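All figures in this text were calculated on a predicted structure; none of them were measured in a lab. Naming convention: chains lettered A, B, ... in sequence-line order (proteins, then strands); numbering from 1 in each chain.
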Number of protein chains: 2
Amino acid sequence: MPDFFADKHLFHNPVEFALSKIGGSYKMPILWRLKDKAWRYSALASSIPHISDRMLSKSLKELLNDGFISKEIFPEVPPRTEYNITERGKKAVIIITALRNYGLDLMKDFGIAQE
Amino acid sequence: MPDFFADKHLFHNPVEFALSKIGGSYKMPILWRLKDKAWRYSALASSIPHISDRMLSKSLKELLNDGFISKEIFPEVPPRTEYNITERGKKAVIIITALRNYGLDLMKDFGIAQE
DNA sequence: AGGCATACTTACATTTTTGTTCGTTACTTA
DNA sequence: TAAGTAACGAACAAAAATGTAAGTATGCCT
């Protein structure tokens, strides 16, 4: 696997590419929440621990641009926005699930409590 | 999944924990190379694109401390060191493989060339 | 008129991660 | 004697990711 360019950025392997799309602190938590229902901005904001508006809207915008989620704006007052997962996002949820299970195994392996 | 502490650090979900152990730019490339044979330090250094001594020895040390790899020093001159994967590391390789396949799929999906 | 609500954006500060350069040990070879 | 080699470590610099604080629009409610 040689290096390759994408989005004006250099990558060295497929994992790096995948994590450039769904990595970082908040994208997986967002996709995970959207996996079985629509969520609005404010609900995501209060559900995801410690997330700031900056990181939430930045993450949502990138996931949207990359086609992992879709967005619907309802012209109400105050405005309402709903985010949904797309087909591409559903594929991401599969690997997120695998990573999550691996993480749970590792936690057991390291003797970390979980309730 | 509530927050939890490990290694004096706060985590919010199992994925975050897993990636604290095998994430970053170089740990997966290292584990990937060790999956079917022993490698010595200098071979890893020249095989992994752009890696510096600092990052290589830092990554190796952490993987070693966390039990993903083992190390054998041969008292020759100049010294020779060999790194091997452990059982815990082999489990990591499984999820790395999944992530890699997902990355390849994503690349196709985004129309990125691969030879 | 003033405050509240939602869904954001912008500027700036701080933290985390990674890169660069240099030094070390102990012996061997030119 | 000087230079080379393998496998690092330490100090410092730069870059990338994240955090903080504040501001925006529209319109309702009091």
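Applying the side-chain contact (heavy atoms from CB on, under 4.5 Å) rule to A:Pro49 yields the partners A:Arg33, B:Asp3, B:His12; only residues at least two apart in sequence or on another chain are considered. Considering only residues two or more places apart in sequence or on other chains, A:Arg40 meets the salt bridge (Lys or Arg N to Asp or Glu O under 4.0 Å) condition with none of them. Take B:Phe5 and apply the side-chain contact (heavy atoms from CB on, under 4.5 Å) test, not counting sequence neighbours, and it matches B:Leu10.
D:dC8 atom P lies 13 Å from atom CG of B:Asn65, rounded to whole Å. Atom CD in B:Glu76 sits roughly 16 Å away from atom C1' in C:dT25 (whole-Å rounding). Going from atom CG of B:Leu63 over to atom P of D:dC8 covers 13 Å, rounded to whole Å. B:Leu56 has its CG atom 12 Å from the C1' atom of D:dA6, to the nearest Å. As rounded to whole Å, 16 Å separates atom P of C:dT17 from atom NZ of B:Lys61. Atom CZ of B:Arg40 is separated from atom P of D:dC8 by 11 Å (rounded to the nearest Å). Taking atom CD of residue B:Glu72 and atom P of nucleotide D:dC8, one finds them 13 Å apart after rounding to whole Å. For the pair A:Glu82 CD and C:dA7 P, the computed distance is 9 Å after rounding to whole Å.
Separation of atoms CD1 (A:Ile73) and CZ (A:Arg80) is listed at 12.0 Å; rounding is to 0.5 Å.
Between B:Phe110 and A:Phe68, the two ring planes are tilted [angle within 30° to 60°].
The heavy-atom pair separating B:Thr86 from B:Ser70 by the smallest distance is CG2-N, 3.8 Å.
Looking at heavy-atom distances under 4.0 Å, A:Tyr83 makes contact with sugar-phosphate atoms alone, never a base.
Heavy atoms of other residues, nucleotides or ligands lying less than 6.0 angstrom from NZ of B:Lys35 number more than 12.
Comparing the axis of the opening five pairs of the helix from C:dA1-D:dT30 to C:dA30-D:dT1 with that of the closing five pairs yields an angle of 30°, rounded to 10°.
Using a cut-off of 4.0 Å between Lys/Arg side-chain N and Asp/Glu carboxylate O, A:Lys91 and B:Asp105 are scored as not salt-bridged. Ion pairing between B:Asp7 and B:Lys21 holds under the 4.0 Å rule for side-chain N and carboxylate O. A salt bridge does not link B:Lys71 with B:Glu82: every distance from a Lys NZ or Arg NE/NH1/NH2 to an Asp or Glu carboxylate oxygen is 4.0 Å or more.
Inter-residue side-chain proximity for B:Leu60 and B:Leu44 is flagged as met; some heavy-atom pair is nearer than 4.5 Å.
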Per-nucleotide protein contact string for nucleotides 15-26 of chain D (B base, S sugar-phosphate only, - none; heavy atom under 4.0 Å): ---BBB------
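Proximity of B:Lys71 to the phosphate of D:dC8: a side-chain N or O atom is located under 4.0 Å from OP1 or OP2.
For DNA chain D, the residues of residues 41-48 of chain B within the heavy-atom distance limit of 4.0 Å (strictly under) are B:Tyr41, B:Ser42, sorted by number.
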